[in-house]
Every structure is written in structure tokens, then in C-alpha cells.
Amino acid sequence: MTKIKFPALLVFLLQLSPVFGEEKILLVSAASSLTQAFAEIGKEFEKKERVKVSFNFAASGVLLQQIENGAPVDVFASADQENVDKGLAKNLFDPATRKNFVSNSLVLIVPIDSKLNLKKVSDLKSEAVRKISFGNPATVPAGKYAKEVLEREGWDAALEKKWIPGENVRQVLDYVSRGEVDAGFVYKTDAALFRDKIKVAVANLKTKPILYPAIVVAKRSNGNDAKRFVEFLTSKEAKKIFQQYRFGKP
């Protein structure tokens with residue numbers, strides 16, 4: 001009988017063992033506007049903690065609905081406070097782990113070659129503006145912030161006819177960058193990604209503070225890894241990445 005040397009035997013056992021051989025995966029559901037920044041932060045976290053991170057990006061309201069319906073998620077990172085509040089009311093999250101990690105601001109953008117002279121939000125009422133896009137306020141925080149801004153400017157049936165809803169803030173960014181709409185509301189961080197295709201018409205729109213919270217989903221086996229990921233979001237490594245993508249301090 002051929003004897004297996006110890007190193008080879010160890011490798012064989014590691015491949016079979018459900019404890020040592022199985023790769024730990026942390027499942028993170030995050031707002032669409034975090035896509036690029038979180039992709040880099042996930043790599044840094046993996047190197048430090050040796051835990052693989054798998055991301056699911058979508059509108060915060062949609063992600064909350066998925067968690068409510070039983071989707072396997074360890075960490076929820078939202079673009080608003082309300083969706084976390086709703087989840088806490090339903091005991092979906094661990095309240096002790098909630099942490100605001102970045103801030104953002106809302107801007108009005110137009111295609112890079114637009115000839116429209118938009119200086120303020122009320123200029124969207126001009127007949128020259130035919131299509132305006134922002135996310136569905138029911139599920140997209142950026143859309144909710146946009147609706148608040150528009151309502152202060154006199155949202156009416158005429159403006160509503162121009163509205164092209166987006167499933168998330170990145171879809172709105174795509175609509176504007178391709179010239180499919182005349183203007184759209186996105187975050188400052190989104191606008192920075194497509195500077196060769198869009199331009200900011202009105203910056204720093206007045207909204208309630210846009211703070212992004214992260215929180216651990218309750219009753220998940222990866223609770224400790226999830227807590228470390230939430231804490232990592234305010235680490236020096238993460239802060240540097242967020243700054244590169246134009247996010248502000250919480």
C-alpha cells in the first residue's frame with residue numbers, strides 16, 4: 001500500500017473538510033451608487049480578513065424587499081436611512097451594528113453636448129426640456145431626494161409627463177450619458193464617473209443630509225465577519241477609496 005506523505009494528506013483533508021476546505025463567503029447587498037467603491041473595498045477586505053466578499057448591487061428599496069423575502073444577505077449598505085429604519089422595525093437587522101460610513105449630494109446632470117441652459121431646477125419646466133429622469137422614489141433613494149427637490153419647485157402634471165423613471169441611480173446616469181433624456185438627477189459620485197459623457201448643470205441641490213448606513217442582517221451565521229466588514233468601512237483603507245470616488249465624510 002502506498003503511503004501518503006503528510007503534506008499531501010493535509011491538502012487532501014482540507015479539500016474534503018466542510019470546516020477548513022469550504023471558502024467563507026460574505027454576502028453584501030449595497031446601493032447601486034457604491035458599485036465601484038465597494039468593488040475595491042471588497043478586495044482590500046478579502047486580503048485582510050481572508051473572507052471572500054460577494055456583492056449584490058441594486059436600489060436600496062429593492063434590496064430591502066429581497067432581504068424581507070429571505071434573500072441570504074449578511075450586510076446591507078443603503079443610500080438612505082429610511083430603508084434601514086424599515087428593516088429594523090421588522091427585526092431584520094442587528095441595531096447595535098448600524099454605522100454611517102459616507103455622505104453624498106444630489107446633482108442635476110445633462111448630456112455632455114446638451115445646448116440647454118439649465119441654471120436652476122425650475123428651468124426644467126421649459127418646453128425645451130422634454131424628458132427628465134430620476135429613480136422611482138418608492139425604491140430608489142436618489143429618486144426620493146429628487147422628488148423632494150422638484151416638489152419644492154412646484155412639481156405638477158406637466159413635469160410628471162416628462163418623467164422617465166429609473167430602476168436605480170445608475171440607470172438614470174446611463175439614460176443621460178446616452179442622450180436618451182434631456183436631464184437627470186444622480187449623486188455627485190455618479191456624475192464623476194461619466195465626466196466624458198455628462199456635465200453637471202446644477203450642483204449641490206438642497207436635500208436632507210444624504211448619509212449611507214451599513215448594518216448587519218440578523219440571524220446570519222456570518223455575523224462576526226459581517227461586523228468586521230461594517231467596521232472596515234470606516235478604516236483608513238476604505239476612507240482612501242471613498243475619497244477617490246468623491247464620497248464625503250459621514
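Along the sequence shown, residues carry numbers from 1. Everything quoted here is computed from the prediction, not taken from an experiment.
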Salt-bridge criterion met for D174 and K197 (N-O under 4.0 Å): no
Strictly below 4.0 Å, N to O, side chains only: are E44 and K240 in salt-bridge contact? no
When you measure from the side chain of R195 to the backbone N and O of A192, does any donor-acceptor pair fall under 3.5 Å? yes
Please check if the side chain of K120 supplies one atom and the backbone of L118 the other of a donor-acceptor pair under 3.5 Å. no
Per side chain to side chain donor-acceptor pair (under 3.5 Å), K144 is matched among T139, N136, D80, T207 by D80
Do you know which of K227, R220, R228 makes salt bridge (Lys or Arg N to Asp or Glu O under 4.0 Å) with D74? R220
What do you reckon, are the aromatic ring centroids of F57 and F55 less than 6.0 Å apart? yes
Does K131 offer a backbone N or O that forms a donor-acceptor pair with the side chain of D182 under 3.5 Å? yes
Is a donor on one side and an acceptor on the other found under 3.5 Å between the side chain of E167 and the backbone of A59? no
What class does the angle between the rings of F101 and F242 fall in, given that below 30° is parallel, 30 to 60° is tilted and above 60° is perpendicular? tilted
Could you check E231 against K99 for side chain to side chain contact (heavy atoms under 4.5 Å, CB included), going step by step and ending with a plain yes or no? CA-CA 8 Å; E231 290 298 321; K99 180 183 288 290; 3.4 Å; yes
Flag the pair E46 and K43 as a salt bridge only when some basic side-chain nitrogen lies within less than 4.0 angstrom of an acidic carboxylate oxygen. no
Shortest non-hydrogen contact from Y245 toward E40: OH-OE2, 2.5 Å
Could you tell me whether a side-chain N or O of S114 sits under 3.5 Å from a main-chain N or O of P111, the two making a donor and an acceptor? no
So which heavy atom on A77 is nearest to which on L34, and how close? CB-CD1, 4.0 Å
Report the residue from V202, L124, D190 that forms a side-chain contact (heavy atoms from CB on, under 4.5 Å) with F185. L124
Would you kindly confirm whether L159 and L116 end up in one hydrophobic cluster when ILVMFWY residues are joined by side chain heavy atoms under 4.5 Å apart? yes
Answer yes or no: are there more than 12 heavy-atom neighbours, outside R130 itself, under 6.0 Å from its atom CZ? no
Any donor-acceptor N/O pair, S60 side chain to A79 backbone, under 3.5 Å: yes
Is a side-chain N or O of K86 found less than 3.5 angstrom from the main chain of G61, in a donor-acceptor match? no
Using a 3.5 Å distance criterion without hydrogens, assess whether the side chain of D94 forms a donor-acceptor pair with backbone atoms of A218. no
